Novice: 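Starting off with a structure, shown below.
A, B, ... follow the sequence lines: proteins, then strands. Residue 1 opens every chain. Everything quoted here is computed from the prediction, not taken from an experiment.
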Amino acid sequence: MSKLVIVESPTKARTIRNYLPQDYRVEASMGHVRDLPASADEVPAAYKDKNWANLGVNVEDHFSPLYVVPKTKKKVVKELQSALKNADEVILATDEDREGESISWHLLQLLQPKVPIKRMVFHEITQEAIRHALDNCREIDENLVHAQETRRILDRLVGYTLSPLLWKKIAWGLSAGRVQSVAVRLIVQRERARRAFKTAGYWDLKAELEQSKNPFQAKLATLAGVKLATGSDFDPNTGALLPDKRVVVLDEAQAIALRDRLWGQPWEVINTEEKPSIRKPSPPFTTSTLQQEANRKLGISARDTMRVAQKLYEEGYITYMRTDSVHLSDQAVTAARSCVQQMYGKEYLSPKPKQYTTKSKGAQEAHEAIRPAGTEFRIPNRTGLKERELALYELIWKRTVACQMADAKITQLSVLLKVEDAEFRAGGKRIDFPGYFRAYVEGSDDPDAALENQEVILPPLKVGDRPSCQEINTVGHETQPPARYTEASLVKTLESEGVGRPSTYASIIGTIIDRGYVQMRAKALTPTFTAFAVVSLLESHFPDLVDTGFTSRMEQKLDEIAVGKTQWLPYLQGFFLGESGLENQVKVRQDQIDPAIAKAIELENLAAKVKIGKFGPYIEIPQGEEIITASIPHDLTPADLNPDQVAVLLKQKTEGPDKVGAHPETGEPIFVLIGAYGPYVQLGEATEENKKPKRTSLPKGVKPEDVTLEMAVGLLALPRTLGGHPESGKNIKASLGRFGPYVVHDQGKDGKDYRSLKGEDDVLTITLDRALELLAEPKRGRGSRTPLKQLGLHPEDQEPVNLFKGPYGVYIKHGKVNASLPEGETEETITLEKALPLLAEKAASGKKTSRKKTTTTAKGTKKTSTKKASATGTAKKTTTKRTTTRKKSPSKATNPDQSSEAS
DNA sequence: CAGTGAGCGAGCTTCCGCTTGACTT
């Protein structure tokens with residue numbers, strides 16, 4: 001018998017195993033093990049007919065939730081159950097935050113252990129900390145569990161009542177939620193501000209001066225005693241000059257006149273100022289700040305940052321990467337300080353060890369800040385890490401070490417000069433002591449601020465000096481509209497408002513892109529027409545829910561619930577039930593909202609009306625009696641749509657499409673049109689008998705106006721046969737596909753071998769030789785790398801059975817079936833004979849039902865059958881039987897008498 | 001993929017947060 005310890009992550013399990021006695025077995029739960037049913041096919045048969053089955057919460061019965069084990073967690077639960085059989089004690093060691101406490105509670109509910117149970121928490125993985133935790137076990141904190149459950153239920157209620165309203169009023173498959181809708185709204189608000197922004201121009205003067213042969217620069221500061229306008233005097237949102245600003249704004253002519261008037265006049269220094277200041281190092285990384293900095297300094301997306309960080313964590317380089325805490329353990333502080341001393345010397349050490357305090361709203365601080373792991377930090381270039389992993393580790397190392405370094409000491413210099421009635425200012429900066437600048441300077445979205453650690457030298461100047469003027473230049477400025485959000489700046493805003501959690505920042509952006517609310521343009525998050533429509537609806541009917549303050553108010557209540565100050569049930573009742581509750585509010589809106597209005601988007605300066613249709617956005621223009629409609633290409637957002645483009649779309653409909661010419665052989669006309677998937681060429685007109693004339697999209701980069709007759713004929717003739725393959729004799733063809741131009745070697749029943757064309761290739765002119773060259777290159781991507789070892793051919797189909805190395809170990813591959821090596825087998829010991837039964841077993845069990853998301857957005861015309869679950873009645877039944885289901889209201893959790901109704 | 005936009009009306013979409021999975025068609 002042994003003691004079973006359950007933690008959340010397998011990596012953590014592996015580490016703490018070393019610090020526990022031999023008779024302790026450590027397993028990982030892999031996060032939550034139960035949840036509300038995600039969709040209809042997860043609802044157990046016994047609940048299918050309940051009207052709340054889909055919601056997963058029985059609002060009428062004390063908001064009792066229906067919990068199921070999701071398909072992906074069945075395996076983990078099974079393993080935990082079998083581990084439990086040999087245990088004489090269970091120790092729940094999940095994280096000490098709201099979600100972690102809840103995971104422990106769910107494990108208890110699900111496993112129903114008959115042996116003693118303990119709850120243990122620790123914040124550091126050291127021998128001492130774990131021993132201490134083991135000696136100080138406690139009970140599960142029911143209040144904290146209630147707080148989590150309240151959060152979970154509230155999110156479900158918001159998401160699953162608002163989303164259906166959007167389906168009815170705007171478009172199929174849309175979504176709304178406490179977090180995503182706030183994110184989308186922020187992005188839409190920013191775009192609105194950009195649209196409303198009026199660029200303003202202002203001018204100033206810059207003088208090139210010289211004092212004792214030392215050149216320096218000065219900028220016009222005041223004119224006749226009045227301050228000259230600078231960028232900060234304009235409203236960043238509208239671009240207009242802020243009211244009540246006593247400033248003078250120069251236009252170009254005035255600036256030139258002033259320059260000419262001042263030219264040749266004597267200059268005099270009238271004041272000098274020296275202001276000492278210090279800069280303090282930024283706190284160590286949290287998930288959010290790491291994502292921001294990796295994005296700014298390394299150009300890595302939030303998702304990739306987390307992937308790389310996970311790898312570093314698993315390999316023991318850094319501490320846990322999903323955290324909202326800036327706390328450093330004592331050993332971390334000591335390690336950082338010893339790094340400073342060794343690498344930079346004693347004078348660079350901060351006088352005292354530094355601790356930072358977390359400022360974000362709603363932080364739960366279950367973990368440390370992200371830092372190099374261990375009691376001694378490994379020096380980045382001695383780790384053997386490469387590329388992104390090295391870059392990210394180095395970033396983390398520097399930031400952590402900088403935390404324990406001395407402040408930087410700077411002197412700001414300011415010299416005021418007078419010429420006629422104008423005053424110029426020269427600014428300088430002297431770094432008296434670089435301090436932590438030696439290790440780390442925080443990146444910034446503002447390029448000017450990135451110069452933080454650079455000196456600006458001024459010659460020694462004193463009052464009464466008369467420097468000579470070499471040159472005066474006029475400088476024009478234009479106010480810039482507020483920048484679109486990037487991943488980094490959105491995460492920053494969400495975090496500071498307390499919206500979303502470390503584990504979700506990276507996926508929030510994925511969600512709103514998947515739903516078709518946002519497109520990524522270079523680094524800028526650009527909202528779509530759908531986002532405009534959805535945000536308008538939510539703002540006018542549910543303003544509270546899409547306000548950033550909603551989450552902070554919720555968090556406040558949850559905190560009260562966690563300490564027992566507030567009851568969870570009345571809070572949910574107040575939120576959902578009654579006259580002003582969400583349920584009724586949605587019902588009322590159901591009748592009030594006119595879909596025609598909800599689907600329409602008002603954009604100023606645009607005669608056309610934009611509407612959200614079944615297949616995406618389209619424009620609508622009244623033309624006399626009738627209304628003309630035209631699709632807007634899917635990759636066009638409100639930011640791109642201007643009157644010119646509207647005119648083109650309109651013209652195509654009224655005057656017919658642009659004719660490129662007549663086909664040289666058939667004489668049929670060829671047109672260029674713009675549709676939802678962008679510009680395309682069409683042979684002949686669409687008529688009753690020829691409903692679908694031949695059409696081909698233009699290749700990327702080709703503009704509709706550049707299409708020649710020759711090109712159009714070539715495109716319409718695709719796919720083009722290049723000739724036979726010298727070995728197989730089968731045809732090689734070139735064509736355009738979903739992912740751009742390609743060549744294909746069609747080997748009949750042996751499948752097709754595809755290669756994408758490279759940048760320099762043209763699908764219309766590519767030769768057979770070049771195609772063969774491309775086909776000879778190995779396929780890109782991981783699926784077709786060279787195998788580690790070839791085991792031989794499968795006796796059934798004579799297809800190769802090979803060994804590959806994946807990120808999770810070596811696996812056997814036969815066609816599409818992958819099987820991992822069983823315990824005890826290695827690359828050397830495995831043979832074809834041993835591999836065959838493994839593959840057969842995998843093929844039998846591997847009838848994956850994982851539903852593939854279509855890549856089309858909300859409006860996508862999904863062609864795949866959505867009736868998978870009901871189509872196989874028998875399969876469904878067995879699934880339901882295996883589902884461990886418990887309906888249990890948390891209030892009953894402490895009352896064992898009532899839990900017998902379960903299952 | 002397909003160049004539509006009305007609507008017979010079955011059955012479906014959708015939330016947030018915790019974790020790793022096994023790749024790619």
Novice: Determine the sole option in A/R151, A/R152, A/R322 for which the salt bridge (Lys or Arg N to Asp or Glu O under 4.0 Å) test with A/E99 is passed.
Specialist: A/R151
Novice: Please work out if A/Q180 contacts a base, only the sugar-phosphate, or nothing of the nucleic acid, heavy-atom cut-off 4.0 Å.
Specialist: sugar-phosphate
Novice: Are the ring of A/Y160 and the base ring of B/dC15 both nearer than 5.5 Å at their centres and tilted by less than 30°?
Specialist: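 No, A/Y160 does not stack on the base of B/dC15, since the centre distance and plane angle fail the 5.5 Å and 30° test.
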Novice: Is A/T72 touching bases, backbone alone, or none of the nucleic acid, heavy atoms closer than 4.0 Å?
Specialist: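 Since no nucleic acid heavy atom lies under 4.0 Å of A/T72, the category is nothing.
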Novice: Run the side-chain contact (heavy atoms from CB on, under 4.5 Å) test on A/I153 and A/F576 for me, step by step, so that the C-alpha distance in whole Å, both residues' side-chain angles and the decisive distance to 0.1 Å come before the verdict.
Specialist: CA-CA 11 Å; A/I153 292 172; A/F576 197 66; over 6 Å; no
Novice: Could you check whether A/W167 and the base of B/dT14 form a stacked pair, meaning centres closer than 5.5 Å and planes differing by less than 30°?
Specialist: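 A/W167 ring does not meet the centre or angle cut-off for B/dT14; no stack.
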Novice: Scan A/Q148, A/H106, A/R119 and name whichever one has a side-chain hydrogen bond (donor to acceptor under 3.5 Å, both in side chains) with A/E101.
Specialist: A/R119
Novice: Let me know, please, whether A/N54 or A/M30 comes out on the 5' side of the other along DNA chain B by nearest nucleotide.
Specialist: A/N54
Novice: Got A/T504 and A/S507 here, is their nearest side-chain heavy-atom distance under 4.5 Å?
Specialist: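 They are in side-chain contact.
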Novice: Can you tell me the distance, in whole Å, between the CE atom of A/M321 and the P atom of B/dC18?
Specialist: 12 Å
Novice: Once you round it to whole Å, what is the distance between P of B/dG3 and CZ of A/R695?
Specialist: 6 Å
Novice: Return no unless some side-chain N or O of A/S163 is found under 4.0 Å from OP1 or OP2 of B/dT13.
Specialist: no
Novice: May I ask you to evaluate whether A/S9 reaches the phosphate of B/dT20, defined as a side-chain N or O under 4.0 Å from OP1 or OP2?
Specialist: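 Yes, such a contact exists.
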Novice: When you measure from the side-chain N and O atoms of A/T504 to the phosphate of B/dC16, is any distance below 4.0 Å, counting only OP1 and OP2?
Specialist: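 Checking B/dC16 against A/T504, no side-chain N or O comes under 4.0 Å of OP1 or OP2.
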Novice: Under 4.0 angstrom, heavy atoms only, what part of the nucleic acid is A/R151 near: base, sugar-phosphate, or nothing?
Specialist: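 Counting heavy atoms under 4.0 Å across all strands, the contact made by A/R151 includes a base.
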Novice: Heavy atoms from C-beta onward define the side chain here; which of B/dC16, B/dA2, B/dG5 lies closest to that of A/S697?
Specialist: B/dA2
Novice: Working note: A/Y517 + A/T511, criterion side-chain contact (heavy atoms from CB on, under 4.5 Å); need CA distance, chi angles, decisive distance, verdict.
Specialist: CA-CA 9 Å; A/Y517 289 142; A/T511 302; over 6 Å; no
Novice: May I ask you to evaluate whether A/Q148 reaches the phosphate of B/dG17, defined as a side-chain N or O under 4.0 Å from OP1 or OP2?
Specialist: no
Novice: With a 4.0 Å cut-off on heavy atoms, is A/G177 in touch with a base, just the backbone sugar-phosphate, or nothing at all?
Specialist: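 Counting heavy atoms under 4.0 Å across all strands, the contact made by A/G177 is with sugar-phosphate only.
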Novice: What is the distance, rounded to the nearest whole Å, between atom CG of A/L36 and atom P of B/dG17?
Specialist: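 After rounding, the gap between these two atoms is 14 Å.
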Novice: Give a yes or no on whether a salt bridge exists between A/K12 and A/D95, defined as a side-chain N under 4.0 angstrom from a carboxylate O.
Specialist: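 A salt bridge is present here (some side-chain N lies under 4.0 Å from a carboxylate O).
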Novice: Look at the aromatic rings of A/W568 and A/H146 and report parallel, tilted or perpendicular, splitting at 30° and 60°.
Specialist: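 Parallel: the ring planes of A/W568 and A/H146 meet at under 30°.
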Novice: Should A/R98 be listed as having a side-chain N or O under 4.0 Å from OP1 or OP2 of B/dC16?
Specialist: no
Novice: Please determine whether any donor N or O and acceptor N or O are separated by less than 3.5 Å between the side chain of A/S507 and the base of B/dG17.
Specialist: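 Side chain to base: no pair below 3.5 Å.
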Novice: Whole Å only: how far is the CD1 atom of A/I508 from the P atom of B/dC15?
Specialist: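 After rounding, the reported distance stands at 12 Å.
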Novice: Atom CE of A/M554 and atom P of B/dC16: how far apart are they, to the nearest Å?
Specialist: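 Going from A/M554 (CE) to B/dC16 (P), I get 11 Å.
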Novice: Quick one: label A/A38 by what it contacts on the DNA or RNA (base, sugar-phosphate, nothing), any heavy atom closer than 4.0 Å.
Specialist: base
Novice: Closer than 4.0 Å, any side-chain N/O of A/R501 to the OP1 or OP2 of B/dC18?
Specialist: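 Answer yes for this pair, as a side-chain N or O of A/R501 is under 4.0 Å from OP1 or OP2.
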Novice: Could you tell me how far apart A/Y505 (OH) and B/dG17 (C1') are, to the nearest whole angstrom?
Specialist: 12 Å
Novice: Would you tell me if any nitrogen or oxygen in the side chain of A/R156 comes within less than 4.0 Å of OP1 or OP2 on B/dG17?
Specialist: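 Answer no for this pair, as no side-chain N or O of A/R156 is under 4.0 Å from OP1 or OP2.
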Novice: Consider the side chain of A/R178, meaning its heavy atoms from C-beta on, and name the nucleotide among B/dC16, B/dC18, B/dG3 that approaches it most closely.
Specialist: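 Of the options given, the side chain of A/R178 lies nearest B/dC16.
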Novice: What stems involve DNA chain B, if each pair must be Watson-Crick or G-U and both of its distances must be under 3.5 Å, with 3 or more such pairs in a row?
Specialist: none
Novice: Answer yes or no: does a side-chain N or O of A/R34 lie under 4.0 Å from OP1 or OP2 of B/dC18?
Specialist: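 No, because none of the side-chain N or O atoms of A/R34 sits under 4.0 Å from OP1 or OP2 of B/dC18.
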Novice: Give the rounded distance in Å between these two atoms: CZ of A/R14 and P of B/dT20.
Specialist: 10 Å
Novice: Looking only at side-chain N and O atoms, does A/T629 come under 4.0 Å of OP1 or OP2 in B/dG5?
Specialist: no
Novice: Dump the intermediate steps for side-chain contact (heavy atoms from CB on, under 4.5 Å) on A/F615 and A/S631, then the final yes or no.
Specialist: CA-CA 9 Å; A/F615 314 105; A/S631 274; over 6 Å; no
Novice: If you check the A/K73 side chain, which of B/dC15, B/dG5, B/dC18 turns out closest?
Specialist: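 In terms of side-chain proximity for A/K73, the closest of B/dC15, B/dG5, B/dC18 is B/dC18.
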Novice: For A/L582 and B/dT14, what is the distance between atoms CG and P respectively, to the nearest whole Å?
Specialist: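 Taking atom P of B/dT14 as the reference, CG of A/L582 is at 19 Å.
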Novice: Between A/R34 and A/L110, does the side-chain contact (heavy atoms from CB on, under 4.5 Å) criterion hold? Intermediate values first, please.
Specialist: CA-CA 8 Å; A/R34 291 204 309 184; A/L110 191 61; 3.7 Å; yes
Novice: May I ask you to evaluate whether A/Q310 reaches the phosphate of B/dT20, defined as a side-chain N or O under 4.0 Å from OP1 or OP2?
Specialist: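 For A/Q310, the contact criterion (side-chain N or O under 4.0 Å from OP1 or OP2 of B/dT20) is met.
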Novice: Looking for any heavy atom pair under 4.0 Å, which part of the strands does A/G500 touch: base, sugar-phosphate only, or nothing?
Specialist: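 The answer is sugar-phosphate, as A/G500 gets under 4.0 Å only of primed atoms, P, OP1 or OP2.
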Novice: Measure the shortest side-chain to side-chain distance between A/L582 and A/L545 over non-hydrogen atoms and say whether it is less than 4.5 angstrom.
Specialist: yes
Novice: Using the closest heavy atom to pick a nucleotide of DNA chain B for each, name whichever of A/K75 or A/A40 lands nearer the 5' end.
Specialist: A/A40
Novice: Determine the contact category for A/V179: base if any of its heavy atoms lies under 4.0 Å from a base atom, sugar-phosphate if only primed atoms, P, OP1 or OP2 are that close, otherwise nothing.
Specialist: sugar-phosphate
